[in-house]
2 protein chains.
Amino acid sequence: MKLRQIETFVAVAEHGSFRRAAELLHRSSSAVSVHVRQLEDELGLPLLERTTRRVVLTAAGRTLLARCRSALADLRSVAQDLKEEAALGCGRVSIGCAPSVSMYRLPPILAAFQEAHPGVTLQLHECFAQRMYHDVLEHVTDFAIGPRLPGLKDFAFRPILLDPVVAVLPYARPWRGRSSVRLDELAGLPLVSMTRDSAMRIQIEQAFRAQGIPFEPRFEVVHHQTLFSLVENRLGVTLLPRISVPARKGDYVVAELCEPAIARELCLISLNGQKLSPAAQRCAEMVVSGLRARAAALKAVTE
Amino acid sequence: MKLRQIETFVAVAEHGSFRRAAELLHRSSSAVSVHVRQLEDELGLPLLERTTRRVVLTAAGRTLLARCRSALADLRSVAQDLKEEAALGCGRVSIGCAPSVSMYRLPPILAAFQEAHPGVTLQLHECFAQRMYHDVLEHVTDFAIGPRLPGLKDFAFRPILLDPVVAVLPYARPWRGRSSVRLDELAGLPLVSMTRDSAMRIQIEQAFRAQGIPFEPRFEVVHHQTLFSLVENRLGVTLLPRISVPARKGDYVVAELCEPAIARELCLISLNGQKLSPAAQRCAEMVVSGLRARAAALKAVTE
DNA sequence: TGCCATTACGCCGGGCGTAAGAATC
DNA sequence: GATTCTTACGCCCGGCGTAATGGCA
């Protein structure tokens with residue numbers, strides 16, 4: 001069975017004439033006749049009832065027509081779709097992202113991308129490291145934004161920025177005006193934190209233990225925003241990756257943690273040895289440069 | 001774009017190797033290589049990332065693979081399906097049928113057909129003439145069983161039987177033992193009839209008028225069975241096409257109407273100049289012979 | 001160096017058009 | 001007899017395999 005034969009058969013069936021089909025396809029009617037006969041021979045069934053005056057589909061012809069039409073149309077549209085996809089006219093970009101990043105920083109970047117390429121469908125999977133890496137491996141996502149995990153050789157890492165842990169402190173003495181804070185200064189202060197056991201929180205706990213300071217959160221909350229409300233109401237302090245701190249200043253102080261400084265490297269994570277789709281590539285560029293620009297702006301303000 | 005190229009591409013993509021694809025397809029690897037290159041050239045996009053050690057799909061390749069696989073599978077299965085359909089292994093037969101016929105006579109015939117060809121899906125459209133003819137014309141049904149209508153040249157009619165109108169009378173004097181009845185004998189008797197204005201009922205009304213007998217049903221009912229219950233309870237008599245009278249004898253007399261005799265020709269109705277599908281053909285045969293056999297048996301009993 | 005994809009080249013089959021034939025109205 | 005599908009025939013393109021080339025480990 002060849003695509004040409006099917007194409008010819010469909011044309012004949014739709015126009016009820018070998019002659020007209022031949023005209024439309026810019027072929028001789030002998031070619032058309034042969035194509036149809038070949039199909040019939042291969043299937044062992046008559047597809048068309050021919051009189052010299054009229055050509056009518058047999059039952060087999062009708063079912064063949066119906067199924068071939070859809071298959072043909074599908075194949076034809078693929079070419080067009082792929083070209084549009086390459087031109088960023090359409091396509092789908094699926095992104096895995098750590099919650100800390102997707103919380104504030106990512107959305108405006110995605111919005112910019114969406115505006116530049118309205119034909120592309122964006123999908124965001126907010127998840128923690130394990131799921132994130134799994135999704136990239138399985139092509140569930142095209143790429144991910146998250147912490148670099150060691151010992152994984154199937155992945156390509158492109159560093160985006162170093163995300164330091166900051167303390168969020170009440171806008172009051174002695175914190176007002178501070179841009180950095182030592183961990184031991186926080187000893188004894190009431191801690192508030194998320195209940196979720198993210199990799200970051202584990203890293204912070206370890207830092208507390210290493211300094212001999214107990215990590216005993218006074219409040220454990222589900223919603224990120226609640227942390228800030230608690231701090232603003234002077235109920236405690238919290239430690240967070242800076243990137244998850246809203247840009248809009250609130251009634252609190254954000255001071256970078258030092259001694260020990262804790263930071264994680266945020267990377268663009270993709271599959272090793274595989275090019276991204278044009279749309280994904282463009283999107284990844286915008287994400288990387290967008291996140292870096294924000295980080296640079298923040299650093300400038302701090303210094 | 002040719003089917004072979006797609007086939008080759010799919011094989012390469014699925015096995016991640018030109019060499020293995022060539023083996024599976026019983027082709028040289030040069031042919032495989034050329035096919036893929038031709039596809040890429042035609043689409044203007046790379047489909048596979050090749051290193052000598054590994055072959056990986058590009059994004060475009062992935063979407064092409066997904067869509068081609070389904071289209072290919074669809075085309076492949078068509079051949080098989082058509083052959084099975086020709087062998088009555090599967091397929092669909094859609095039948096239009098007058099309610100009088102489908103009420104009692106048709107179901108056992110369809111059951112026999114279904115038993116003989118369990119793979120074939122049967123569909124029954126019970127409807128009156130106009131719809132019935134329309135459905136045949138539009139290929140909604142393969143054929144129909146109903147009255148012959150004059151002046152329609154797109155249809156082929158195959159007479160099945162002449163269906164006479166019979167009177168259904170109380171099993172009591174003076175009807176007991178009667179096998180025929182004149183219309184004037186019914187004058188003055190309470191009539192029961194269906195509310196539905198079928199062509200048959202109109203024909204019967206005309207016969208009444210022609211004889212100068214008023215057609216004023218005492219009861220008009222919705223359910224066919226009710227007619228018989230009314231007659232059995234001596235509340236009236238009714239006139240019906242014989243074919244819609246149940247075979248199982250009840251507490252009533254069935255007498256053929258004569259003077260005037262009213263009958264309609266029941267036909268197998270199909271499209272002129274079009275062969276039925278094998279399954280439909282077989283089914284039509286069984287329906288025709290089944291209906292004729294029943295009619296012959298009835299006539300034998302009556303005589 | 002060995003494996004694998006690619007390129008080069010020549011052969012052969014198959015698809016196409018032209019032209020003659022058959023069938024239907 | 002006109003129109004339309006079919007068959008016959010010959011040309012030529014294109015697909016295939018063999019063999020040589022080039023890359024990556």
Side-chain angles (χ1 to χ4, degrees), chain A residues 1-58 60-61 65 72 153-154 156 271-275, chain B residues 1-58 60-61 65 72 153-154 156 271-275:
Chain A
M1 215 158 58
K2 306 200 170 160
L3 228 43
R4 280 240 154 147
Q5 296 167 350
I6 295 171
E7 189 174 56
T8 304
F9 164 72
V10 170
V12 173
E14 286 184 341
H15 296 88
S17 156
F18 283 63
R19 191 187 136 63
R20 262 190 288 173
E23 280 172 14
L24 289 209
L25 298 171
H26 305 291
R27 288 213 181 71
S28 69
S29 50
S30 80
V32 172
S33 182
V34 169
H35 276 163
V36 173
R37 192 168 52 74
Q38 285 170 333
L39 265 185
E40 292 181 324
D41 288 350
E42 185 173 343
L43 297 173
L45 296 164
L47 299 173
L48 297 165
E49 289 282 336
R50 298 96 136 145
T51 67
T52 45
R53 287 292 153 193
R54 234 183 34 197
V55 175
V56 202
L57 282 165
T58 64
L65 176 64
L72 260 191
K153 54 192 269 294
D154 287 335
L271 268 182
N272 213 342
Q274 284 218 22
K275 247 193 234 153
Chain B
M1 215 157 62
K2 305 197 172 162
L3 228 43
R4 281 241 153 145
Q5 296 166 352
I6 296 171
E7 189 175 56
T8 305
F9 164 72
V10 170
V12 173
E14 287 184 340
H15 297 89
S17 156
F18 282 63
R19 192 186 139 63
R20 262 191 287 173
E23 280 172 13
L24 289 209
L25 298 172
H26 306 292
R27 288 214 179 71
S28 70
S29 51
S30 81
V32 172
S33 182
V34 169
H35 276 163
V36 173
R37 193 169 51 76
Q38 284 170 332
L39 265 186
E40 292 181 324
D41 287 351
E42 185 173 342
L43 297 173
L45 297 162
L47 299 173
L48 296 165
E49 289 282 337
R50 300 93 138 146
T51 68
T52 46
R53 286 293 154 194
R54 236 189 23 201
V55 175
V56 204
L57 283 165
T58 64
L65 176 64
L72 260 191
K153 54 193 269 293
D154 287 336
L271 268 182
N272 212 341
Q274 283 218 22
K275 247 192 232 153

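In the text below, chain A, chain B and the rest are named by the order of the sequence lines, each starting its count at 1.
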**Student:** State whether the side chain of B:Gln5 and the backbone N or O of B:Leu39 hold a donor-acceptor pair below 3.5 Å, judged by distance alone.
**Tutor:**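 Not at all, since once roles are kept as given, no pair shorter than 3.5 Å links the two residues.
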**Student:** Do any side-chain nitrogens or oxygens of A:Arg50 fall under 4.0 Å of OP1 or OP2 in D:dT6?
**Tutor:**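 Yes, A:Arg50 has a side-chain N/O under 4.0 Å of OP1/OP2 on D:dT6.
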**Student:** Ignoring hydrogens and angles, answer whether the base of D:dT4 and the side-chain atoms of A:Ser17 contain a donor-acceptor pair closer than 3.5 Å.
**Tutor:**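 No, the side chain and the base share no sub-3.5 Å donor-acceptor pair.
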**Student:** What's the CD-C1' distance between A:Glu7 and C:dC16, to the nearest Å?
**Tutor:**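 Those two atoms, CD and C1', are 15 Å apart.
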**Student:** Determine whether a donor-acceptor pair (one donor, one acceptor, N or O, separation below 3.5 Å) exists between the side chain of B:Ser29 and the base of C:dT6.
**Tutor:**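 Counting by modelled atom types and ignoring angles, no donor-acceptor contact under 3.5 Å is found here.
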**Student:** Take a 6.0 Å sphere around CZ of B:Arg19 and say whether it holds more than 12 heavy atoms from other residues, nucleotides or ligands.
**Tutor:**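 Counting other residues, nucleotides and ligands, CZ of B:Arg19 stays at 12 neighbours or fewer.
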**Student:** Could you tell me whether the phosphate oxygens of D:dC16, OP1 or OP2, come under 4.0 Å of any side-chain nitrogen or oxygen in B:Arg4?
**Tutor:**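 Checking B:Arg4 against D:dC16: at least one side-chain N or O falls below 4.0 Å of OP1 or OP2.
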**Student:** Are any of A:Arg37's side-chain N or O atoms less than 4.0 Å away from OP1 or OP2 of D:dT7?
**Tutor:**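 Yes, such a contact exists.
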**Student:** Let me spell it out: for each of B:Ser30 and B:Gln38, pick the nucleotide of DNA chain D with the closest heavy atom. Which residue's pick is nearer the 5' end?
**Tutor:**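 It is B:Gln38, whose closest nucleotide lies nearer the 5' terminus.
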**Student:** Using a 4.0 Å heavy-atom cut-off, does B:Gln5 contact any base of the nucleic acid, only the sugar-phosphate backbone, or nothing at all?
**Tutor:**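 The residue B:Gln5 makes no contact with any strand.
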**Student:** Report the end-to-end axis angle of the helix from C:dT1-D:dA25 to C:dC25-D:dG1; each axis comes from five terminal pairs, and the value is rounded to 10°.
**Tutor:**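 For the helix from C:dT1-D:dA25 to C:dC25-D:dG1, the axes at opposite ends meet at about 30°.
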**Student:** To the nearest 0.5 angstrom, please state how far the OG1 atom of A:Thr58 sits from the CD atom of A:Glu40.
**Tutor:**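 Answer rounded to 0.5 Å: 7.5 Å.
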**Student:** Closer than 4.0 Å, any side-chain N/O of A:Lys2 to the OP1 or OP2 of C:dG15?
**Tutor:**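 True: A:Lys2 side-chain N/O within range (under 4.0 Å) of C:dG15 OP1/OP2.
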**Student:** For a quick test of reading the model: is some side-chain N or O of B:His26 closer than 4.0 Å to OP1 or OP2 of D:dC16?
**Tutor:**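 For D:dC16, OP1/OP2 do not have a side-chain N/O of B:His26 under 4.0 Å.
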**Student:** For the residue pair A:Arg50 and A:Leu48, what are the closest heavy atoms and their distance?
**Tutor:**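 Heavy atoms of A:Arg50 and A:Leu48 come nearest at NH1-O, 3.1 Å.
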**Student:** Just the rounded figure in Å: distance from P of D:dG17 to NE2 of B:His35.
**Tutor:**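 It works out to 9 Å between those atoms.
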